[in-house]
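Just so we're clear, the structure is a prediction, and the values are computed from it rather than from any experiment.
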Amino acid sequence: GGQRPAPAAPLGQPQGEHLQLLLRRSQEAKNCAYCPYSRFPVGAALLTAGGEIFSGCNVENACYSLGMCAERAAIQKAISEGHTSFRAMAIASDMGDHFIAPCGACRQVMREFGTDWDVYLTKADGTYVVKRLEELLPLSFGPDHLKK
């Protein structure tokens, strides 16, 4: 029983103004981060198949293991509003010379909703590289494996 997640959204990268908005929303979300322990703010912006954007930031806790990453916060917000098909996510941090990449736990949570979507890894100056989720988590395990 139980509901199955919707299939991954059809391929289609955000372009032009839509991409700039996604990148900007990840930067704005980073500014909301609650990270008094690591002082490492991260923001994420998630684009749904329907064109809506849900943002999230990292939220730390004095009990460190209860902290939440920005990417999972954005996904949980989208899911709680009824969205399960995603086209892209942008991630922002203050790391100067390096592109921010999602942790392993976030990659696995992202993978729950398909492997065929885009992740924009940004630098503090706004430059980015785009990776397919399947590139970030090769040989992954997901819902389709439970049906075999």
Side-chain angles (χ1 to χ4, degrees), residues 5-144:
L11 186 58
Q13 290 187 329
Q15 303 292 332
E17 289 180 19
H18 294 292
L19 175 55
Q20 291 307 312
L21 177 61
L22 187 68
L23 294 167
R24 188 169 70 246
R25 290 283 302 275
S26 71
Q27 291 280 347
E28 291 168 355
K30 180 194 70 177
N31 295 331
C32 295
Y34 177 77
C35 52
Y37 309 110
S38 71
R39 291 182 169 66
F40 190 88
V42 180
L46 178 64
L47 178 65
T48 69
E52 290 189 57
I53 295 174
F54 290 87
S55 60
C57 62
N58 55 322
V59 180
E60 295 179 350
N61 190 282
C63 179
Y64 288 1
S65 64
L66 296 180
M68 175 59 63
C69 296
E71 299 90 331
R72 284 182 282 153
I75 288 171
Q76 289 174 355
K77 282 171 71 174
I79 296 295
S80 71
E81 296 293 327
H83 299 273
T84 56
S85 293
F86 307 125
R87 286 173 46 199
M89 178 182 280
I91 308 168
S93 77
D94 288 335
M95 284 198 308
D97 295 332
H98 299 281
F99 294 104
I100 183 70
C103 75
C106 286
R107 293 175 198 213
Q108 182 63 42
V109 170
M110 293 160 79
R111 192 267 179 257
E112 181 73 11
F113 304 98
T115 59
D116 195 28
W117 48 294
D118 300 306
V119 185
Y120 291 81
L121 313 177
T122 73
K123 288 185 183 179
D125 65 5
T127 58
Y128 65 85
V129 294
V130 60
K131 300 286 185 183
R132 304 296 292 162
L133 188 52
E134 60 194 351
E135 292 179 83
L136 295 177
L137 192 66
L139 302 173
S140 66
F141 181 83
D144 45 312

Of the non-hydrogen atoms in [X] and [Y], which two are nearest, and what is the gap between them?
X: C57; Y: A73; result: O-CB, 3.7 Å
X: T122; Y: Y128; result: CG2-CB, 4.0 Å
X: A29; Y: A44; result: CB-O, 3.9 Å
X: A70; Y: G56; result: CB-O, 3.5 Å

Is there any side-chain hydrogen bond (donor to acceptor under 3.5 Å, both in side chains) pair reaching into residues 63-78, and which pairs are they, with sequence neighbours excluded?
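Qualifying pairs, neighbours excluded: none.
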Can you tell me how far apart [atom1] ([X]) and [atom2] ([Y]) are? Round to the nearest 0.5 Å.
X: D97; Y: K123; atom1: CG; atom2: NZ; value: 6.0 Å
X: L121; Y: S93; atom1: CG; atom2: OG; value: 10.0 Å
X: I91; Y: Q27; atom1: CD1; atom2: CD; value: 12.0 Å
X: I75; Y: L46; atom1: CD1; atom2: CG; value: 6.0 Å
X: C106; Y: L136; atom1: SG; atom2: CG; value: 11.5 Å
X: L23; Y: R25; atom1: CG; atom2: CZ; value: 12.0 Å

Starting from the C-alpha separation in whole Å, work towards a yes-or-no answer on side-chain contact (heavy atoms from CB on, under 4.5 Å) for T115 and L137.
CA-CA 8 Å; T115 59; L137 192 66; over 6 Å; no
Assign the ring pair H83 / F54 to parallel, tilted or perpendicular, where the plane angle (0 to 90°) is split at 30° and 60°.
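Tilted: the ring planes of H83 and F54 meet at 30° to 60°.
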Would a distance-only check, ignoring hydrogens and angles, find a side-chain to backbone donor-acceptor pair under 3.5 Å from [X] to [Y]?
X: R107; Y: P102; answer: yes
X: S26; Y: G43; answer: no
X: N58; Y: F40; answer: yes

Hey, does P41 have a side-chain heavy atom less than 4.5 Å from the side chain of D94?
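Yes; the side chains approach each other to less than 4.5 Å.
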Go through M110 and F86 one step at a time and tell me if the side-chain contact (heavy atoms from CB on, under 4.5 Å) criterion holds.
CA-CA 9 Å; M110 293 160 79; F86 307 125; over 6 Å; no
Salt bridge (Lys or Arg N to Asp or Glu O under 4.0 Å) between K131 and D118: does it pass, once the steps are laid out?
CA-CA 6 Å; K131 300 286 185 183; D118 300 306; over 6 Å; no
Checking side-chain polar atoms at under 3.5 Å, does E60 have a donor or acceptor matched by the opposite partner on S38?
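Checked: E60/S38 side chains pair up, N/O donor to acceptor below 3.5 Å.
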Under the side chain to side chain contact (heavy atoms under 4.5 Å, CB included) test against S140, which residue among E134, E112, R111 passes?
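It is R111, the one option of E134, E112, R111 that forms the side chain to side chain contact (heavy atoms under 4.5 Å, CB included) with S140.
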